[in-house]
Amino acid sequence: MSGTNSATKQPNNRPLKESVRWLAMESVQRILFKEAFIHETVSDVLTTHSLSEADRKLLTELIYGTVQHYLTIDALLRQHVKRANRVKKWLWALLLVSLYQHYYLSQIPDYALVDEAVRITKKRGNQSLSRFTNGVLRNVLREVPNLDALYQQFQSLPWEERISQQYSLPKVWVTYFNQRFGKERTEKLAQSFNQRASMTIRISDHAIDRETEIVGALTAEGLNVEASSITPHAYQVTNGTPVHTQAFKNGELTIQDASAQLAAVALDAQPGDKVLDACAAPGGKTVQLAEKVAPNGHVISQDIQENKLNKINDNIDRMNVAKQVTVKVGDATKLSQTYAKETFDRILIDAPCSGVGLFRRKPDTKYHKSLQDLTSLQAIQKDILNDAVSVLKPGGVLVYSTCTITNEENQAVVEQLLDNHPELMITSISGRQQLLDQAQTSQGTIEILPDMFQSDGFFIARFEKEN
Ligand SMILES: C[S@@+](CC[C@H](N)C(=O)[O-])C[C@H]1O[C@@H](n2cnc3c(N)ncnc32)[C@H](O)[C@@H]1O
């Protein structure tokens, strides 16, 4: 009898099918085995179920943590399950979620996590499967009591295999990073993808004269904030929820990763400029640019996906910059057909990319991106850039940025652009010394690796067009 049977109810009286672990199991199954996006899945499950604040936090933690450490826990499980590929996907997801709790969340006692996994298996499957769950979990926990014991087992593996399993990074990426950066950096990168992504806020240009006051108010409202080491007017939030603060409601701050903020900083838009943000949704950088060109300048904010334009509109409205911006659908590979020659003082191409620099923030992408994606993305990036040059005024500035750290999408794209357009010149990006020391490349571009500053992996190239 579903719902009314006391054996299927949680201690807090929630039906088992509404419990945090059940919802985590279903979400993890969808993300890992049906290629659902993690941020959409989490957002869906949180909006369609009524959960307490503590349960929302735990559910988010279970989903992100299990996906982040998937290959590590999967390798462990496979050592203890004979025909692993024959186990139903929902059950595998449940075992992954259960073991994540033991190895990575210390506050949940083993008996509780085994007991709940057994009850869920009985309800979702049957009695005999629940004995399987009980047996597997007890065996694993007995034989491999902690992560140190597991890592010990990985020591005997070839290096690439060890890094892949220990840090849950597919071997194809371990090999790729090793070829690009060498072993030491690859291990640091792999490790950094397992940290929880940081949250950074940016104080609006319109409010920076009150920055100290705003930061004080955030602290008084319970947030812990630390000034970013690489980006001005940016603060990393180490505790608390910025969207609930008065400054957020007033449009005095926005949430934006520290690396991502630097792309608009590099464009250095001036009051009165006419700026094109060619790949703009959801509009984080449009807002930054609109603040810079005020009061007489203008930003054309376009994206190829019409259904994303409402996000840009929401952002410019909340941040009080709507009158500086025109939002429209547009294909950035067709800029010369859309705008007159030499229309813009500055152009930002924040291009569609593989998002490898965001493996920490969106851990599902580690498993779903392939090296083939790089070639097709590079073709689009080249098309966009080559076409953009004609609509840039002489003396104008073009910034190309990506949230990836692959040579194919970054340095190689820049090289071909310079080859095709002798009228373009790479110009240096001004910034804090720490940023330049660690992230400036020999090409004169900036490539931030995710292990450098606890911010997203990001690439920025700045060009000026001959006058
Ligand atoms: C990295 S995101 C942009 C993030 C945005 N600049 C921000 O700061 O919020 C890349 C965007 O490019 C858009 N896009 C992809 N192909 C495009 C094209 N051919 N023309 C215009 N936009 C495109 C995608 O829809 C996506 O919203």
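Heavy-atom basis, side chains included; hydrogens, waters and symmetry copies ignored.
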Does a donor on one side chain sit under 3.5 Å from an acceptor on the other, for [X] and [Y]?
X    : Y    : result
Q68  : R360 : no
R462 : T427 : yes
Q166 : Q191 : no
D148 : Q152 : no
Q416 : Q378 : no
S370 : Q372 : yes

From [X] [atom1] over to [Y] [atom2], what is the distance, rounded to the nearest 0.5 angstrom?
X    : Y    : atom1 : atom2 : result
I460 : Y400 : CD1   : OH    : 12.0 Å
N407 : Q179 : CG    : CD    : 11.5 Å
I31  : E40  : CD1   : CD    : 10.5 Å
E408 : S376 : CD    : OG    : 11.5 Å
L91  : L96  : CG    : CG    : 9.5 Å
F359 : L189 : CZ    : CG    : 10.5 Å

A side-chain contact here means heavy atoms from C-beta on lying under 4.5 Å apart; do [X] and [Y] qualify?
X    : Y    : result
I349 : Q381 : no
V287 : R202 : yes
P450 : S455 : no
I448 : I230 : yes
S228 : Q236 : no
F459 : Q411 : yes
F193 : Y167 : no
N410 : E447 : yes

Under 6.0 Å from the [atom1] atom of [X], do we count more than 12 heavy atoms belonging to anything else shown?
X    : atom1 : answer
E306 : CD    : no
R86  : CZ    : no
F37  : CZ    : no

Exercise: identify the closest heavy-atom pair between [X] and [Y]:
X    : Y    : value
V67  : D364 : CG1-N, 3.8 Å
L358 : T365 : O-OG1, 4.4 Å
A461 : T445 : CB-CG2, 3.5 Å
N315 : P282 : ND2-O, 2.8 Å
A36  : T41  : CB-OG1, 3.5 Å
A263 : V399 : O-CG1, 3.9 Å

Test side chain to side chain contact (heavy atoms under 4.5 Å, CB included) applied to T333 and N386, D387, I384, the passing residue: I384
Is any side-chain N of the basic residue among [X] and [Y] closer than 4.0 Å to the acidic one's carboxylate O?
X    : Y    : answer
D314 : K311 : no
D451 : R185 : yes
D74  : R78  : yes
R162 : E187 : yes

Stepwise side-chain contact (heavy atoms from CB on, under 4.5 Å) test for L23 and H49: CA-CA 9 Å; L23 298 175; H49 295 85; 3.5 Å; yes
Between [X] (side chain only) and [Y] (backbone N and O only), is there a donor and an acceptor less than 3.5 Å apart?
X    : Y    : value
S52  : D55  : yes
R346 : D268 : yes
T441 : Q443 : yes
D303 : A281 : yes
T245 : P242 : yes
Q302 : A278 : yes
H102 : P145 : yes
S164 : L169 : yes
R318 : F248 : yes
K366 : S168 : yes

T254/Q256 under side-chain hydrogen bond (donor to acceptor under 3.5 Å, both in side chains): CA gap, chis, key distance, verdict: CA-CA 6 Å; T254 186; Q256 194 178 15; 5.6 Å; no
Test applied, salt bridge (Lys or Arg N to Asp or Glu O under 4.0 Å); reference residue, D257; option that passes from K285, K362, R361: R361
Residue among E116, E26, E61 satisfying salt bridge (Lys or Arg N to Asp or Glu O under 4.0 Å) with R21: E116
I203/Y235 under side-chain contact (heavy atoms from CB on, under 4.5 Å): CA gap, chis, key distance, verdict: CA-CA 8 Å; I203 307 289; Y235 295 84; 3.9 Å; yes
Residues in ring-ring contact (aromatic ring centres under 6.0 Å, His included) contact with Y367, at least two apart in sequence or another chain: Y70
Parallel, tilted or perpendicular, as decided by the 30° and 60° cut-offs, for the rings of H69 and Y100: parallel
Check against ring-ring contact (aromatic ring centres under 6.0 Å, His included), W90 and F33: CA-CA 9 Å; W90 65 263; F33 308 126; over 10 Å; no
Exercise answer: donor-acceptor pairs, residues 124-132 side-chain atoms, under 3.5 Å, sequence neighbours excluded:
| from | atom 1 | to | atom 2 | distance (Å) |
| --- | --- | --- | --- | --- |
| N126 | OD1 | S128 | N | 3.1 |
| N126 | OD1 | L129 | N | 2.8 |
| S130 | OG | Q127 | O | 2.6 |

side-chain hydrogen bond (donor to acceptor under 3.5 Å, both in side chains) between S354 and E409, worked out: CA-CA 8 Å; S354 60; E409 298 170 275; 2.6 Å; yes
Full working for side-chain hydrogen bond (donor to acceptor under 3.5 Å, both in side chains) between W159 and N178: CA-CA 11 Å; W159 183 81; N178 187 25; over 6 Å; no
